[in-house]
Amino acid sequence: MRFAVLVFPGSNCDIDCYKAVEETIGQPVDYVWHTATDLSPYDCILVPGGFSYGDYLRCGAISRFAPVMNEVAKAAEEGKYILGICNGFQILTEAGLLPGALRRNASMKFRCHDSVLKVVNNSTPFTREYAEGQEIVIPIAHGEGNYYCDEETLKRLRDNRQIVFTYQDNPNGSVADIAGICNERGNVIGMMPHPERAVSSLLGSEDGKAMFTSILQAWRDTHGAANVR
Ligand SMILES: NC(=O)CC[C@H](N)C(=O)O
């Protein structure tokens with residue numbers, strides 16, 4: 001299974017994502033610059049955190065026009081796995097690949113600390129190795145993590161089980177304590193907390209590891225042992 005980690009000007013969690021893939025599942029992984037126009041070699045696209053384009057206008061509002069985003073939309077359409085973390089989540093909502101928007105934290109402060117999440121949906125390709133309702137410790141680090149959607153969208157998210165993670169102690173004012181959501185098909189997920197920063201006890205938590213092992217298992221299940229690479 002081959003992973004791409006996208007790199008925008010101002011990304012700063014790209015190396016963490018790369019290392020998390022290398023160290024948790026040992027699969028081939030490449031950095032892919034925002035100008036790339038071909039993601040066909042990749043099975044999973046990681047859209048990392050950071051301050052792409054200096055967060056100007058709104059977090060992710062400029063990045064979503066990067067050439068690579070057309071390829072991300074194509075990959076989503078093809079059913080490939082796409083995981084947007086923090087700024088990556090913001091970029092995916094700005095690009096319309098996930099519903100809703102991320103607003104300034106209700107406190108108007110940048111929040112950087114561990115947070116306890118609840119795994120609400122463990123039947124996505126990204127969460128299958130967690131138990132439903134499991135509480136996990138994953139760090140957050142954001143100024144615009146306040147997830148917003150209207151009532152109708154929230155109902156749709158609930159009805160389709162698109163709410164993947166919620167906060168136990170909502171740190172930013174997000175609607176319905178939402179920390180992460182997926183698209184209807186379940187192959188595109190966005191989350192504000194950083195699982196790639198929780199893959200070793202040295203980092204304070206190993207609770208993010210199962211996201212990476214889940215993705216690999218899901219891919220192997222759908223591609224059959226014969227095609228495992
Ligand atoms: N760690 C991040 O990706 C931060 C995202 C964004 N720059 C914010 O402050 O909300």
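In each ligand, atom 1 is the first atom listed, and ligand 1 is the first ligand listed.
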If you measure from the Lys or Arg side-chain nitrogens to the Asp or Glu carboxylate oxygens, is any gap between [X] and [Y] under 4.0 Å?
| X | Y | value |
| --- | --- | --- |
| D150 | R156 | no |
| E152 | R158 | no |
| D177 | K118 | no |

Give yes if a backbone or side-chain nitrogen or oxygen of [X] is under 3.5 Å from a nitrogen or oxygen of ligand 1, and no if not.
| X | value |
| --- | --- |
| G143 | yes |
| G145 | no |
| G50 | yes |
| E144 | yes |

Which is closest to atom 7 (N) of ligand 1 by heavy-atom distance: D55, I85, L102?
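Nearest heavy atom to atom 7 (N) of ligand 1 lies in D55.
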
of all protein heavy atoms, closest to atom 1 (N) of ligand 1 is A141 O, 2.9 Å

Would you mind checking which non-hydrogen protein atom is closest to atom 2 (C) of ligand 1, with the distance to 0.1 Å?
C86 SG, 2.8 Å

Over 60° means perpendicular and under 30° means parallel, so tell me whether F126 and Y81 are parallel, tilted or perpendicular.
perpendicular

Take the angle between the ring planes of F8 and H34 and call it parallel below 30°, perpendicular above 60°, tilted in between.
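Tilted, since the angle between the ring planes falls between 30° and 60°.
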
Residue list, side-chain contact (heavy atoms from CB on, under 4.5 Å) with D207, at least two apart or on another chain:
I136, V137, I138, S205

Under 4.0 Å from a heavy atom of [X]: which atoms of ligand 1 are those, numbered in the order shown and with their elements?
| X | value |
| --- | --- |
| H194 | 1 (N) |
| F51 | 7 (N), 9 (O) |
| G49 | 3 (O) |

How does N87 reach ligand 1, by side chain, by backbone, by both or by neither, if only non-hydrogen atoms under 4.0 Å count?
both

For F3 and Y42: C-alpha separation, side-chain torsions, deciding distance, then whether ring-ring contact (aromatic ring centres under 6.0 Å, His included) applies.
CA-CA 6 Å; F3 286 74; Y42 301 103; 9.2 Å; no

Does ligand 1 have an atom that lies less than 4.0 angstrom from a heavy atom of C59?
yes

Heavy atoms only: give me the nearest R220-Q27 pair and the separation to one decimal.
NH2-NE2, 3.8 Å

